[in-house]
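Encoded as structure tokens, the structure appears first; notes follow it.
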Amino acid sequence: MHVKVYSPAVAQLAPALLANYRNPFATSQLAHDRTAVTTPPGQPTHDALPPSDPDLPVMFAGFRFSNSETGHGAVVLKPELYVQVCGNGLTLPMLAVRDVHLGSRLKAGAVAWSQDTYDKQLAVVTAKTRDTVQHWLSPEFLAEQIALLDATATTPVTEPDKTITVIAKQMRFSDAERTGILSHFIAGGQLNAAGIANAITSFSQTLADPTRADTLDDLAIEAMALA
């Protein structure tokens with residue numbers, strides 16, 4: 001399970017990080033690619049994004065959480081910077097928090113934890129999650145992270161095809177992913193390092209596999225640094 005949450009109430013202008021960026025989903029083919037994986041069969045397509053002004057480079061504070069479906073008993077939270085105009089999500093995996101909760105399976109000879117112990121352990125996880133999310137969904141945190149990313153965002157990318165090919169090789173993207181990211185880079189019109197990150201996080205929205213999409217979003221900032 002992968003869940004994305006953002007708060008339009010916590011917004012910040014990012015003129016350097018989003019300089020000259022335009023919504024790649026204004027391109028009909030890329031818009032179709034996204035709705036093909038986000039719209040249930042038989043349902044009308046619609047844009048679930050909030051109303052936006054393309055002239056305003058706005059980012060929202062957000063976060064993601066995921067929970068293992070294979071019995072590892074862990075929940076992972078990570079902050080995210082959400083781009084209003086297109087729904088891109090720049091995750092910050094270096095700040096991720098992972099909590100392991102007590103599961104129902106116990107090792108041979110282990111103490112049989114009481115329900116009271118389970119409840120108290122869950123209360124601790126819940127309290128830590130509350131405090132973490134409260135910190136991430138603050139104007140101060142959002143402004144700080146945007147300022148940190150601005151340092152490399154405006155580095156020009158003069159040879160997009162070559163740059164993305166090198167990054168794809170280093171980050172082990174498939175040929176299809178490399179081609180898709182290049183298409184999104186061109187459609188986004190942002191010819192700098194930030195454009196690489198935004199191309200990855202917009203392309204990820206067209207993937208049917210949510211785990212792979214989440215992985216690509218985690219790599220976007222690293223790719224921007226490589227560019």
Side-chain angles (χ1 to χ4, degrees), residues 4 6 8 11-38 45-62 80-92 142-143 145-171 173-207 212-213 216-227:
K4 302 170 65 172
Y6 65 89
Q12 169 87 23
L13 289 173
L17 193 59
L18 298 177
N20 301 314
Y21 183 60
R22 57 178 182 256
N23 183 4
F25 296 109
T27 303
S28 59
Q29 182 57 55
L30 301 187
H32 174 270
D33 291 344
R34 178 168 66 176
T35 56
V37 300
T38 59
T45 60
H46 65 282
D47 192 344
L49 300 176
S52 62
D53 183 342
D55 295 326
L56 293 179
V58 175
M59 301 191 84
F60 299 144
E80 174 174 283
L81 309 181
Y82 184 95
V83 181
Q84 177 183 235
V85 68
C86 59
N88 291 356
L90 285 170
T91 59
L92 306 173
L142 178 60
Q145 298 308 314
I146 290 175
L148 289 173
L149 295 176
D150 279 349
T152 55
T154 57
T155 303
V157 174
T158 57
E159 298 181 272
D161 195 358
K162 181 178 179 180
T163 300
I164 291 174
T165 296
V166 172
I167 290 173
K169 183 176 181 180
Q170 291 193 37
M171 309 195 87
F173 295 157
S174 69
D175 288 342
E177 289 170 345
R178 176 185 58 77
T179 301
I181 291 167
L182 178 59
S183 295
H184 281 252
F185 180 84
I186 294 170
Q190 191 179 25
L191 305 180
N192 56 26
I196 298 289
N198 280 315
I200 292 173
T201 55
S202 61
F203 169 72
S204 73
Q205 297 178 57
T206 68
L207 298 180
R212 183 55 182 167
L216 287 183
D217 289 344
D218 280 353
L219 294 173
I221 290 177
E222 183 180 349
M224 183 171 75
L226 286 173

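Just so we're clear, the structure is a prediction, and the values are computed from it rather than from any experiment.
The two residues Pro24 and Gly188 have their closest heavy-atom pair at CB-N, 4.2 Å. Here the closest heavy-atom approach between residue Thr163 and residue Ala227 is recorded as CG2-CB, 4.3 Å. Residues Thr201 and Gln205 approach most closely at O-NE2, 3.3 Å, considering heavy atoms. When all heavy atoms of Ala199 and His184 are compared, the closest pair comes out as O-CB, 3.6 Å. Contact detail for Asn23 and Cys86: the closest heavy-atom pair is OD1-CB, 3.2 Å. The heavy-atom pair separating Ala193 from Met224 by the smallest distance is O-CG, 3.3 Å.
Listed by first and then second residue, the side chain to side chain donor-acceptor pair (under 3.5 Å) pairs that reach into residues 189-200 are Asn88-Asn198, Gln190-Asn198, sequence neighbours excluded.
Ile181 CD1 to Met171 CE: the interatomic distance, rounded to the nearest 0.5 Å, is 9.0 Å. In this structure, CG in Asn20 is found 10.5 Å from CG in Leu18, a value given to the nearest 0.5 Å. In this structure, CZ on Arg178 lies 9.0 Å from CD1 on Ile164, to the nearest 0.5 angstrom. Once rounded to the nearest 0.5 Å, the distance linking CG of Leu219 with CG of Leu226 reads 9.5 Å. Taking CD1 of Ile186 as the start and CG of Leu191 as the end, the distance is 9.5 Å to the nearest 0.5 Å. The OG1 atom of Thr179 sits 8.5 Å away from the CZ atom of Phe203 when rounded to the nearest 0.5 Å.
For the side-chain contact (heavy atoms from CB on, under 4.5 Å) with Ile146, the qualifying choice from Leu149, Asp150, Leu148 is Asp150, the only one to do so. Between Leu17 and the options Leu90, Val83, Thr154, Thr152, a side-chain contact (heavy atoms from CB on, under 4.5 Å) holds for only Leu90.
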Inset, instruction - Evaluate side chain to side chain contact (heavy atoms under 4.5 Å, CB included) for Asp161 paired with Leu182, printing each intermediate quantity in order. - result: CA-CA 7 Å; Asp161 195 358; Leu182 178 59; 3.9 Å; yes
- Verify side chain to side chain contact (heavy atoms under 4.5 Å, CB included) between Val58 and Val85, making sure each step is shown before the conclusion. CA-CA 8 Å; Val58 175; Val85 68; over 6 Å; no
- Message: Under the criterion side chain to side chain contact (heavy atoms under 4.5 Å, CB included), I'd like the reasoning laid out for Leu216 against Phe173: C-alpha separation, chi angles, the key distance, then a yes or no.
- Response: CA-CA 9 Å; Leu216 287 183; Phe173 295 157; 3.4 Å; yes
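Residues Thr206 and Leu30 are not in side-chain contact: their nearest non-hydrogen atoms beyond the backbone lie 4.5 Å or more apart. Annotation: side chain of Ser202 is in contact with side chain of Phe25 (closest heavy-atom distance under 4.5 Å). Under the 4.5 Å side-chain criterion, counting only non-hydrogen atoms from C-beta, Phe185 is not in contact with Ile200.
Residues forming a salt bridge (Lys or Arg N to Asp or Glu O under 4.0 Å) with Arg212 (at least two apart in sequence, or on another chain): Glu177.
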